Amino acid sequence: MLERYSISCTREELEIRFPNIEVTDHYNPRYNAAPSQLLPVVTSDNPDGFSFFYWGTVPKWSRNKTISRKLINADKEELDIKPSYRKALSKHRCLIPADGFYAWKSLGKKSRIPYRIILNEATPFYIAGLWQEYLNESDQVIHTFCMVTTDANELIAPISNKMPAILKPNDESKWLELHHTLEDLLELIQPFPAEQMGMYTVSPMIDSSQIDQPSMIKPAPPVDQYGNFTLFN
């Protein structure tokens, strides 16, 4: 499961990379974006600017529709199988802006080392996403999103068997266009080329969703959550 990413760019950097998007004053860099948080997305309903949705899609059959009960990833292999995904895929797709994501390399049953994965140019990118709208217990409209995932490429496979569905720049607008077939959309979801990506170890403080500061994205020695150093990085 992929449960952390970063969108640490400045407003100016985002406007350069995504010139068709208006980055509003509501945007703040996030170094440790985590489930249940309010985060920026771009939808076909609002393709010219950021909308802010909660990361974590609550299934309609859930009797307790709280943000804490969530689905944060939607794997490519399930998109055309689960009815809820099929409906979202047909009408409710979104783009998730990011400039890195985190994965943990397991060293045993309990010990693990966190890594940050970025593009070689350290530029922002879009991850394919799905969004939903529902009413909570107070009849308030809540918007949530989940991240589409696919098989890991050769770089990430030693750490995780899955990676976010990073879209190639030419495919970003296609993901929002509503006239594409299911087959067209699934074709856009491919492992991003490993040779265009890099990774490095980061502080184990990334484990805590309560910590969101610039030091989270900086390289750090390979240390597990217990403070134990390892040479296997």
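These numbers come from the heavy atoms of this one structure, side chains and all, not from hydrogens, waters or symmetry mates. Computed from a predicted model, the values in this text were never measured in an experiment.
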Visitor: Is there a side-chain contact between Leu79 and Leu186 (heavy atoms, below 4.5 Å)?
Guide: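 Result yes, sub-4.5 Å side-chain heavy-atom pair found.
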Visitor: Look up atom CD1 in Ile21 and atom CZ in Phe50, then write down how far apart they are to the nearest 0.5 Å.
Guide: 6.5 Å
Visitor: If Ile, Leu, Val, Met, Phe, Trp and Tyr residues are connected whenever their side-chain heavy atoms lie under 4.5 Å apart, and connections chain through other members, are Leu2 and Met216 in the same group?
Guide: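 No, separate clusters.
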Visitor: Salt bridge check: are Arg93 and Asp45 linked by an N-O gap of less than 4.0 Å?
Guide: no
Visitor: Could you give the distance from CD (Gln132) to SG (Cys94), rounded to the nearest 0.5 Å?
Guide: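 Rounded to the nearest 0.5 Å, the CD-SG separation comes out at 10.5 Å.
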Visitor: Please report the shortest heavy-atom distance between Tyr85 and Ala74, naming the atom on each side.
Guide: CZ-CB, 3.6 Å
Visitor: Salt bridge or not for Arg17 and Glu172, using N-O below 4.0 Å?
Guide: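 Between Glu172 and Arg17 there is a salt bridge, with a charged N closer than 4.0 Å to a carboxylate O.
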Visitor: Taking side-chain hydrogen bond (donor to acceptor under 3.5 Å, both in side chains) as the test, write out the residues that go with Ser51, two or more places apart.
Guide: Asn46
Visitor: Show your reasoning for whether ring-ring contact (aromatic ring centres under 6.0 Å, His included) applies to Tyr5 and Trp55.
Guide: CA-CA 11 Å; Tyr5 70 94; Trp55 184 13; 5.2 Å; yes
Visitor: Shortest non-hydrogen contact from Ser44 to Leu178?
Guide: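 Heavy atoms of Ser44 and Leu178 come nearest at OG-CD2, 4.1 Å.
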Visitor: Let me confirm one number: the OG-CD distance from Ser203 to Gln213, rounded to the nearest 0.5 Å.
Guide: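 If we round to the nearest 0.5 Å, Ser203:OG and Gln213:CD are 8.0 Å apart.
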Visitor: Looking at Phe101 and Met197, what are the two nearest heavy atoms and their distance?
Guide: CE2-CE, 3.9 Å
Visitor: Would you please test Val41 and Leu95 for side chain to side chain contact (heavy atoms under 4.5 Å, CB included) and show each step?
Guide: CA-CA 6 Å; Val41 297; Leu95 299 169; over 6 Å; no
Visitor: Any side-chain heavy atom of Thr144 sitting closer than 4.5 Å to one from Phe53?
Guide: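 Thr144 does not reach Phe53 side chain to side chain.
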Visitor: For the residue pair Ile118 and Asp99, what are the closest heavy atoms and their distance?
Guide: CG2-O, 3.5 Å
Visitor: Can I get a per-line list of side-chain donor-acceptor pairs under 3.5 Å for residues 145-156, giving both atom names and the distance, sequence neighbours left out?
Guide:
unit_1: Thr149; atom_1: OG1; unit_2: Asp75; atom_2: OD1; d: 3.2
unit_1: Asp151; atom_1: OD1; unit_2: Lys162; atom_2: NZ; d: 2.9
unit_1: Asn153; atom_1: OD1; unit_2: Leu155; atom_2: N; d: 3.1
unit_1: Asn153; atom_1: OD1; unit_2: Ile156; atom_2: N; d: 3.1
unit_1: Asn153; atom_1: ND2; unit_2: Phe192; atom_2: O; d: 2.6

Visitor: Find the distance between CD1 (Ile96) and CH2 (Trp175) and round it off to the nearest 0.5 Å.
Guide: 9.5 Å
Visitor: If you compare all heavy atoms of Trp131 against all heavy atoms of Ala88, which two are closest, and at what distance to 0.1 Å?
Guide: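 Shortest heavy-atom separation between Trp131 and Ala88 comes out as O-CB, 4.2 Å.
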Visitor: Within the distance-only criterion (no hydrogens, no angle test), does the side chain of Glu13 pair as donor or acceptor with the backbone N or O of Thr10 below 3.5 angstrom?
Guide: yes
Visitor: Within the 4.5 Å heavy-atom criterion, are Arg116 and Ser6 side-chain neighbours or not?
Guide: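 Yes, close enough: below the 4.5 Å cut-off.
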Visitor: CD1 of Ile189 to CG of Asp171: how many Å apart, nearest 0.5 Å?
Guide: 10.5 Å
Visitor: Any side-chain heavy atom of Ser173 sitting closer than 4.5 Å to one from Glu177?
Guide: yes
Visitor: Between the main-chain N or O of Ala33 and the side-chain N or O of Arg4, is there a donor-acceptor pair closer than 3.5 Å?
Guide: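 Such a contact is absent between Arg4 side chain and Ala33 backbone.
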Visitor: Could you see if Ile117 belongs to whatever hydrophobic cluster contains Leu119? Use Ile, Leu, Val, Met, Phe, Trp, Tyr and a side-chain cutoff under 4.5 Å.
Guide: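 As far as the 4.5 Å side-chain criterion goes, Leu119 and Ile117 are connected within one cluster.
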Visitor: Counting C-beta onward and ignoring hydrogens, is there a side-chain heavy-atom pair between Ile113 and Leu107 closer than 4.5 Å?
Guide: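 Sidechains of Leu107 and Ile113: in contact.
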Visitor: Does the side chain of Thr43 come within less than 4.5 Å of Leu176's, by heavy atoms?
Guide: no
Visitor: Please examine the side chains of Lys174 and Lys168, heavy atoms only from C-beta on, and report whether any two atoms are closer than 4.5 Å.
Guide: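 Result no, sub-4.5 Å side-chain heavy-atom pair not found.
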Visitor: Counting only heavy atoms not in Gln210, do more than 12 fall under 6.0 Å of its CD?
Guide: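 Result for CD/Gln210: open.
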Visitor: Parallel, tilted or perpendicular: which one describes the rings of Phe18 and Tyr126, with boundaries at 30° and 60°?
Guide: parallel
Visitor: Nearest 0.5 Å, please: how far is NZ in Lys87 from NE2 in His92?
Guide: 7.0 Å
Visitor: Is the shortest side-chain heavy-atom distance between Ile16 and Leu14 below 4.5 Å?
Guide: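 When only atoms from C-beta onward are counted, Leu14 and Ile16 do not touch, as no gap falls below 4.5 Å.
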Visitor: So Phe125 and Ile127, side chain to side chain contact (heavy atoms under 4.5 Å, CB included) or not? Walk me through it.
Guide: CA-CA 7 Å; Phe125 50 85; Ile127 300 169; 3.8 Å; yes
Visitor: Taking all heavy atoms of Pro222 and all of Thr201, pick out the closest pair and write down the distance.
Guide: N-OG1, 3.7 Å
Visitor: Between Val202 and Lys218, is the side chain to side chain contact (heavy atoms under 4.5 Å, CB included) condition met? List the steps.
Guide: CA-CA 6 Å; Val202 294; Lys218 294 181 178 180; over 6 Å; no
Visitor: Looking at Ile211, is its backbone amide N or carbonyl O close enough to the side chain of Asn32 to form a donor-acceptor pair, meaning the two atoms are under 3.5 Å apart?
Guide: yes
Visitor: Are Ile166 and Val42 co-members of a hydrophobic cluster defined by side-chain heavy atoms under 4.5 Å apart?
Guide: yes
Visitor: According to the interplanar angle, ranging from 0 to 90°, do the rings of Trp104 and Tyr102 count as parallel (below 30°), tilted (30 to 60°) or perpendicular (above 60°)?
Guide: tilted
Visitor: Is Ile142 reachable from Ile72 through a run of hydrophobic residues whose side-chain heavy atoms are each under 4.5 Å from the next?
Guide: yes
Visitor: Verify side chain to side chain contact (heavy atoms under 4.5 Å, CB included) between Asp48 and Glu22, making sure each step is shown before the conclusion.
Guide: CA-CA 6 Å; Asp48 300 323; Glu22 179 185 1; 5.9 Å; no
Visitor: Between Gln37 (side chain only) and Ala34 (backbone N and O only), is there a donor and an acceptor less than 3.5 Å apart?
Guide: yes
Visitor: Grouping I, L, V, M, F, W and Y whenever their side-chain heavy atoms are under 4.5 Å apart, do Tyr27 and Tyr31 come out in a common cluster?
Guide: no
